[in-house]
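Here's the structure we're looking at; comments come further down.
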Amino acid sequence: MQGTAKLLSSTHPALHLSHPTLESFIWNTLMRAHVQSKTRPVSPTHCPLSIFLRMRFHGVRPDFHTFPFLLQSFSYPSYLHSGLCIHAQIVQFGFPCDPFVQTSLINMYSSCGNLGFAQQVFNEIPQPDLPSWNSIINANVKMGLVNVEKRSHCLGRCKNWKLDDVRPNEFTMSVVLSACGRLGALEHGKWAHAYIDRCGMEVDAVLGTSLIYMYAKCGGIDRARWVFNKLRSNNDVMAWSAMISGLGMHGHYEECLDLFSKMMSHGVRPNAVTFLGVICACVHGGLVSQGKDYFNRMSEDFGISPSIQHYGCMVDLYGRAGLIDEAWDVIKSMPMEPDVLVWGALLSGSRMRGDIETCEVALKKLIELEPTNSGAYVLLSNVYAKMGRWKDVRHVRDLMEDKRD
DNA sequence: ATAGGGTTAG
């Protein structure tokens, strides 16, 4: 039964339960416009989901192009419920075996943070094609970022791939290399590199970026440099950024900043990630005034507004240099609520400095944001003990006991 | 006439 449906969907699209019509084409195109513009819809009535609802209200049947567009707009955990409802509709309208729809479903569940559902869709594909494989691998890797136990399982799965007729391509390998980098799995990464060479895949900017990132994260900065220097195109901001961050990571601050200047003289426009790499390098190298310069130039000369990570780096930069007032100024200037990384940076700066009052504030904020983090309670009660505020010491200990489940 | 998969930071 399933085989028949698949045959129809992949070889004779016209035999679908719903044929493409001029009407469905127009609604699909409208949805695509909103998905591709990537800007926030002007109002909730313009989002692909409400376009779909209006399409149904007008009695227009969706066709097999409709759902990939619609599913692409569900890319956050909060959309999981909508995604599930649309999945049910997909079954009702008879498209659950369309390979495009299946891949879109895997990506939707993966973007919504639900690997289980993504895996379930994948498992129901009798003969997954390459995009489906790449999507499920990507989903596993993404979750590997969150779920530590799954990480090594995921890599093993890539390596022992039984691909009878579907072979990994550049898309696959870039995901695999990125996973190796995150894991610090140098041996797996080298294997992947050798595989790329053996298959005769061209190391373009994307694969090059992945290779540089992998080697840099795995401690092979020389190999990263080698890959970078061999790249044919030298105008890809991501490849430059990967190399710049890699050098910073390894403590080659001068080379890192030189490379940044070199990139600019090549006419490559830095982006938010490039600046993060450069500023992080300044943090580790203790280059306060240079870090501050880069931070200012980023918005003044390039119109890039700093993200919470950039602010976190700046707090870290000043904190490590013992400049607690400056670190506070950064926090006060932030247009968003500081997160645990920002308060953590302020905490470590103020601890180094012996600034007990700032420690107290930072720890209180950390406890507010992470009430189950017992480490912060312990540090805070130590702070109070140092100040001789014994009542507060007892109060914090009681609070910690309360939060324990 | 329209459709699915990739890289840099954290």
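Each chain gets a letter, A, B and so on, in the order the sequences are listed, and its residues count up from 1.
- Residue-level contact check: A:Ile244 touches neither bases nor backbone, having no heavy atom under 4.0 Å from any strand.
- Atom CZ of A:Phe275 and atom P of B:dG10 are 16 Å apart (whole Å).
- Taking the side chain of A:Leu207 as heavy atoms from C-beta on, and the options B:dA3, B:dT8, B:dG6, the nearest nucleotide is B:dG6.
- The NE2-P distance, from A:His310 to B:dA9, rounds to 12 Å in whole Å.
- Checked against the 6.0 Å centroid criterion, the rings of A:Phe122 and A:Trp133 qualify as a close aromatic pair.
- Contact annotation: side chain of A:Thr209 to base of B:dT8, donor-acceptor pair absent below 3.5 Å.
- As a whole-Å value, the separation of A:Leu105 CG from B:dA3 C1' is 13 Å.
- Side-chain proximity of A:Pro131 to B:dG4, B:dT2, B:dA1: nearest is B:dG4.
- Between B:dT8, B:dA1, B:dA9, one nucleotide has an atom nearer to the side chain of A:Ser241 than all others, and that is B:dT8.
- A salt bridge links A:Arg225 with A:Glu255: the closest approach of a Lys/Arg side-chain nitrogen to an acidic carboxylate oxygen falls below 4.0 angstrom.
- The distance between atom CG of A:Asn140 and atom C1' of B:dG5, rounded to the nearest whole Å, is 14 Å.
- Close placement of the A:Phe295 and A:Tyr311 rings is indicated, their centers lying within 6.0 Å of each other.
- Among the protein residues, A:Val175 comes within range of the sugar-phosphate backbone only, with heavy atoms under 4.0 Å from sugar or phosphate atoms but none that close to a base.
- Counting only heavy atoms from C-beta on, A:Leu130 has its side chain closest to B:dG5 among B:dA3, B:dG5, B:dT7.
- At a threshold of 4.0 Å, the pair A:Arg297-A:Glu300 does not count as salt-bridged, since none of the basic side-chain nitrogens sits closer than that to a carboxylate oxygen.
- A donor-acceptor contact under 3.5 Å is formed by the side chain of A:Asp129 with the base of B:dG4.
- Distances from the side chain of A:Cys280 to the nucleotides B:dG10, B:dT8, B:dG5 place B:dG10 closest.
- Of the listed nucleotides (B:dG10, B:dT7, B:dG5), B:dT7 has the atom at the smallest distance from the side chain of A:Ser210.
- Look at CE on A:Met243: it is 15 Å from P on B:dT8, rounded to the nearest Å.
- For A:Gln36, counting side-chain heavy atoms from C-beta on, the closest listed nucleotide (B:dG5, B:dT2, B:dA3) is B:dA3.
- Proximity of A:Thr103 to the phosphate of B:dA3: no side-chain N or O atom is located under 4.0 Å from OP1 or OP2.
- Scanning atom types as modelled, no donor and acceptor separated by under 3.5 angstrom connect the side chain of A:Asn138 and the base of B:dG6.
- In this structure, the ring of A:Phe302 has its center less than 6.0 angstrom from the ring center of A:Phe275.
- When ring centroids are compared, A:His65 and A:Phe25 stay outside the 6.0 Å threshold.
- Side-chain nitrogen and oxygen atoms of A:Gln72 include at least one within less than 4.0 Å of the OP1 or OP2 phosphate oxygen of B:dG4.
- Among the heavy atoms of the strands lying under 4.0 Å from A:Ser132 is at least one base atom, whether or not backbone atoms are also near.
- Atom CG in A:Asp63 sits roughly 8 Å away from atom C1' in B:dT2 (whole-Å rounding).
- Note: CE (A:Met238) to C1' (B:dT8) measures 5 Å, nearest angstrom.
- Among the atoms of the strands shown, base atoms are found under 4.0 Å from some heavy atom of A:Phe25.
- Distances from the side chain of A:Asp204 to the nucleotides B:dG6, B:dG4, B:dT8 place B:dG6 closest.
- Residue A:Ser135 places its side chain closer to B:dG5 than to any other of B:dT7, B:dG5, B:dA1.
- A salt bridge is defined here as a Lys NZ or Arg NE, NH1 or NH2 lying under 4.0 Å from an Asp or Glu carboxylate O, and A:Lys364 with A:Glu360 meets this definition.
- When the C1' atom of B:dT8 is taken as reference, atom CD1 of A:Ile304 falls 13 Å away, rounded to whole Å.
- Here the nucleotide nearest the side chain of A:Met249, chosen from B:dA3, B:dA9, B:dG4, is B:dA9.
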